[in-house]
2 protein chains.
Amino acid sequence: MPELRFNVITKDWVIIARERAKRPDQFALPKKEELPLPQFDPSCPFCPGNESHTEPEIARLGDNKGWRVRVMPNKYPALSAHGERTRSNEGMRISMNGVGLHEVIVDHRRHNMVFALMPPPDIEAVLRMYRQRYEECRKDERLEAIIIFKNHGESAGSSVIHTHSQLAATPVVTFQTRMRLEDAIRFYDQMGKCIFCQTMEEELSAKVRILHESKHFIAFHPYAALSPFHTWIFPRRHTPSFELATDEELVDLASTLKLLLARLYYGLNDPPFNYTIRSIPSRDRNTEYYHWYLSIIPRVTKTAGFEMGSGMYINSALPEESAEFLRNVQFPNHT
Amino acid sequence: MPELRFNVITKDWVIIARERAKRPDQFALPKKEELPLPQFDPSCPFCPGNESHTEPEIARLGDNKGWRVRVMPNKYPALSAHGERTRSNEGMRISMNGVGLHEVIVDHRRHNMVFALMPPPDIEAVLRMYRQRYEECRKDERLEAIIIFKNHGESAGSSVIHTHSQLAATPVVTFQTRMRLEDAIRFYDQMGKCIFCQTMEEELSAKVRILHESKHFIAFHPYAALSPFHTWIFPRRHTPSFELATDEELVDLASTLKLLLARLYYGLNDPPFNYTIRSIPSRDRNTEYYHWYLSIIPRVTKTAGFEMGSGMYINSALPEESAEFLRNVQFPNHT
């Protein structure tokens with residue numbers, strides 16, 4: 001008998017399809033037989049020396065030896081940094097100007113660096129840059145939501161090999177975000193508590209889906225994980241927005257994130273993945289009912305007509321088994 | 001400047017990314033150089049003669065020369081046909097038994113038949129079987145929603161080449177469905193009209209996104225199409241559920257669907273696609289505010305971290321241009 005589980009944060013029903021379930025190791029990709037990448041690629045716009053091939057730089061972290069992390073506008077932006085936020089509502093045709101920010105964050109100088117294998121201090125530098133750009137973008141009063149994300153691997157939507165992240169700031173709050181927020185508010189009104197804090201507490205006591213506990217973060221597979229190895233990292237401290245993370249928390253998050261991504265890298269042979277950092281809409285300052293978090297979605301299965309037509313997910317892995325598998329992945333310590 | 005459009009039916013914001021926009025023909029796949037498939041494959045469980053290799057047959061349409069359309073339970077069902085609908089609500093862990101139906105509908109006898117190229121009477125037979133199974137499944141009082149869908153092509157989630165469709169009946173109404181329904185009710189309460197009928201009227205008067213008009217159906221790209229070539233087929237007659245389609249409407253739908261899929265097949269070189277038929281939750285009999293429809297989603301682009309983190313879509317094609325392109329696709333008449 002399959003099991004249906006309800007994800008209280010996303011409000012999605014998930015079919016945990018035991019009949020279709022695979023053992024966690026069966027999701028591993030075949031070992032890749034690819035030519036090793038060079039440390040430097042003269043045709044790569046993200047490589048040092050090719051800075052003039054990108055849009056004008058917005059920010060960098062670095063020292064006299066050069067930059068460590070570099071930010072510029074996306075060359076093919078989904079949103080335009082210039083212009084007014086104007087609306088047109090004509091009957092069923094509701095539209096607005098596509099103003100917003102769409103930035104690229106080059107994570108590391110080296111062309112062949114794999115994000116999951118980066119030393120934690122290098123990941124920390126990337127996270128500090130995320131926070132800096134978040135703070136800066138929040139000042140733009142045309143914008144309502146800031147999403148930081150990474151696409152790793154071609155089937156996860158990445159078109160440039162050189163490791164990079166992205167930030168997008170949109171002039172609207174989406175229906176999905178608003179609905180989740182409203183539900184979090186209702187939970188808060190009813191229970192006097194943040195729904196994320198409550199989830200974290202219950203996960204800590206259930207233990208079986210926990211992947212890692214550090215001083216400031218808890219990483220776990222959601223009870224109703226939407227897909228195999230779907231992972232959440234919650235800050236223990238109740239904070240609504242990523243930009244409010246302290247320096248100490250970022251140091252911790254860097255090593256937590258590295259540990260989780262390295263386990264995926266070694267346990268499943270470098271699967272494509274996306275991660276996203278979700279914060280409260282950027283102009284909302286109420287701190288009681290929302291809690292920022294980072295979500296990692298390895299792209300090891302496909303969605304199809306059933307998911308599209310029903311709004312439901314099918315997860316062919318049991319989160320408790322996947323968690324046990326990932327907890328036991330051993331890997332060499334590079335740093 | 002990109003444009004943001006709001007889809008009033010799905011409630012999604014879509015970025016129509018003109019800066020990234022491609023001309024419609026640039027979405028065409030390269031011509032395939034594949035070995036032709038045989039008419040019959042002895043190892044295919046859906047081929048005539050191999051009926052004993054499937055789960056026990058549920059229904060068929062046919063005559064003394066054999067079956068034309070055949071239905072059986074999915075061999076790897078996402079939901080179990082047997083058992084009670086029982087709940088367990090423990091704190092944040094909300095779950096239930098995965099009862100439900102998951103059926104496979106073999107569309108045609110011939111192994112190498114392409115659905116988009118099937119003669120309309122053969123498609124009509126498939127649609128009649130959909131309706132028959134919908135009516136039958138609706139009697140199961142454990143179930144709340146019935147979704148009929150097709151996955152075509154590997155990257156659209158199909159694992160068997162022999163053309164087939166699926167029906168899934170779930171014991172819950174999802175949050176996504178409920179939210180859209182509630183919004184349709186609010187529209188009805190406010191405007192005294194079905195939001196689908198209103199959308200159809202406006203599309204008919206705007207004309208630019210219309211793909212085809214027949215006696216009983218309107219096919220168009222939604223104003224805020226979620227992805228390139230995203231197509232909706234709405235019945236002109238206000239009806240909440242697919243099972244209420246008349247015989248005459250099914251004849252019309254068969255030729256409309258065939259026309260649209262054949263244009264995609266010839267215009268874009270057989271892209272992978274999903275289609276789904278959305279009806280009102282199966283136990284809801286109010287007929288005023290919901291309107292069934294068929295949605296076709298060609299899988300010509302990928303979603304990534306931005307979509308996951310924001311709940312927003314990026315469509316790199318302009319619906320008005322795609323519609324013009326598809327209206328002009330010429331193809332040989334097979335029937």
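Convention: sequence-line order gives letters A, B, ...; per-chain numbering from 1.
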Heavy-atom contact with chain B under 4.5 Å, split by part of A156(A): backbone
If I measure from the heavy atoms of chain A, does S88(B) come under 4.5 Å with its side chain, its backbone, both, or neither? neither
Need one label for I148(A): side chain, backbone, both or neither, based on atoms under 4.5 Å from any heavy atom in chain B. neither
Counting N and O atoms only, with roles assigned by atom type, does the side chain of N151(A) sit under 3.5 Å from a partner on the main chain of A304(B), one being a donor and the other an acceptor? no
Less than 4.5 Å to any heavy atom of chain B: does that hold for the side chain of R85(A), its backbone, both, or neither? neither
Look at atom OH of Y313(B) and say whether more than 12 heavy atoms of other residues, nucleotides or ligands are closer to it than 6.0 Å. no
Rounded to the nearest 0.5 Å, what separates atom CZ in F175(A) from atom CE in M179(B)? 6.0 Å
Among T177(A), T10(A), T301(A), L79(A), who wins on heavy-atom pairs under 4.5 Å with chain B? L79(A)
Determine the option with the most heavy-atom pairs under 4.5 angstrom with chain A, choosing from A206(B), G305(B), G311(B). G305(B)
Can you tell me which portion of F149(B) sits under 4.5 Å from chain A's heavy atoms? Options are side chain, backbone, both or neither. side chain
If I take atom CH2 from residue W13(B) and atom CD from residue Q176(A), how far apart are they, to the nearest 0.5 angstrom? 15.5 Å
S95(B) portion near chain A, given a 4.5 angstrom heavy-atom threshold: both
Is it the backbone or the side chain of R180(A) that comes under 4.5 Å from a heavy atom of chain B, or both, or neither? neither
Residue V99(A) versus chain B: region with a heavy atom under 4.5 Å: both
Residue part contacting chain B, namely of I15(A), when any heavy atom lies under 4.5 Å: side chain
With only heavy atoms counted, which part of E90(B) is less than 4.5 Å from chain A, the side chain, the backbone, both or neither? backbone
From OG1 (T86(B)) to CE (M1(A)), nearest 0.5 Å: 7.0 Å
Contact part of P171(A) toward chain B, heavy-atom cut-off under 4.5 Å: side chain, backbone, both or neither? side chain
Contact origin within F306(A) toward chain B - heavy atom pairs under 4.5 Å: both
Taking G98(B)'s backbone N and O only, do any of them form a donor-acceptor pair with E3(A)'s side chain (distance below 3.5 Å, no angle check)? no
Is any side-chain heavy atom of T170(A) closer than 4.5 Å to one of M312(B)? yes
Heavy-atom pairs under 4.5 Å with chain A are the metric here; pick the option from F273(B), F6(B), Y223(B) that has the most. Y223(B)
Check whether H82(A) gets within reach of chain B through its side chain, its backbone, both or neither, counting any heavy atom under 4.5 Å. backbone
Which one, G157(A), G83(A), G91(A), leads in non-hydrogen pairs under 4.5 Å with chain B? G91(A)
At their closest point, which heavy atom of E202(A) faces which heavy atom of M92(B), and how far apart are they? OE1-N, 2.9 Å
Identify which of I94(A), I277(A), T276(A) forms the greatest number of heavy-atom pairs closer than 4.5 Å to chain B. I94(A)
Given a strict heavy-atom distance threshold of 4.5 Å, which part of T199(A) is in contact with chain B: side chain, backbone, both, or neither? both
In Å and rounded to the nearest 0.5 Å, what is the CE to OG distance from M308(B) to S295(A)? 8.5 Å
Under 4.5 Å from any heavy atom of chain A, what part of R278(B) do you find: side chain, backbone, both or neither? side chain
Does NZ belonging to K207(B) count more than 12 external heavy atoms closer than 6.0 Å? no
Using heavy-atom distances under 4.5 Å, tell me whether R178(A) contacts chain B through its side chain, its backbone, both, or neither. neither
Is the count of non-hydrogen atoms from other residues, nucleotides or ligands lying under 6.0 Å from E84(A) atom CD greater than 12? no
F187(B) versus chain A, the contacting section by heavy-atom distance below 4.5 Å: side chain
Measuring heavy-atom distances to chain A, does K11(B) have an atom under 4.5 Å in its side chain, in its backbone, in both, or in neither? both
Is it the backbone or the side chain of L4(A) that comes under 4.5 Å from a heavy atom of chain B, or both, or neither? both
Should we count CD1 of I161(B) as having more than 12 external heavy atoms under 6.0 Å? no
Can you tell which part of I147(B) gets under 4.5 Å to a heavy atom of chain A, answering side chain, backbone, both or neither? side chain
For S310(B), is there any backbone N or O sitting under 3.5 Å from a side-chain donor or acceptor partner on T174(A)? yes
Pick whichever of H152(A), E203(A), E154(A) has the most heavy-atom pairs under 4.5 Å with chain B. E154(A)
Count the heavy-atom pairs under 4.5 Å between each of M96(B), R299(B), K302(B) and chain A, then report the option with the highest count. M96(B)
What do you reckon, is CG of L204(B) surrounded by more than 12 foreign heavy atoms closer than 6.0 Å? yes
So for atom OH, which belongs to Y275(A), do other residues, nucleotides or ligands contribute more than 12 heavy atoms lying within a distance under 6.0 Å? yes
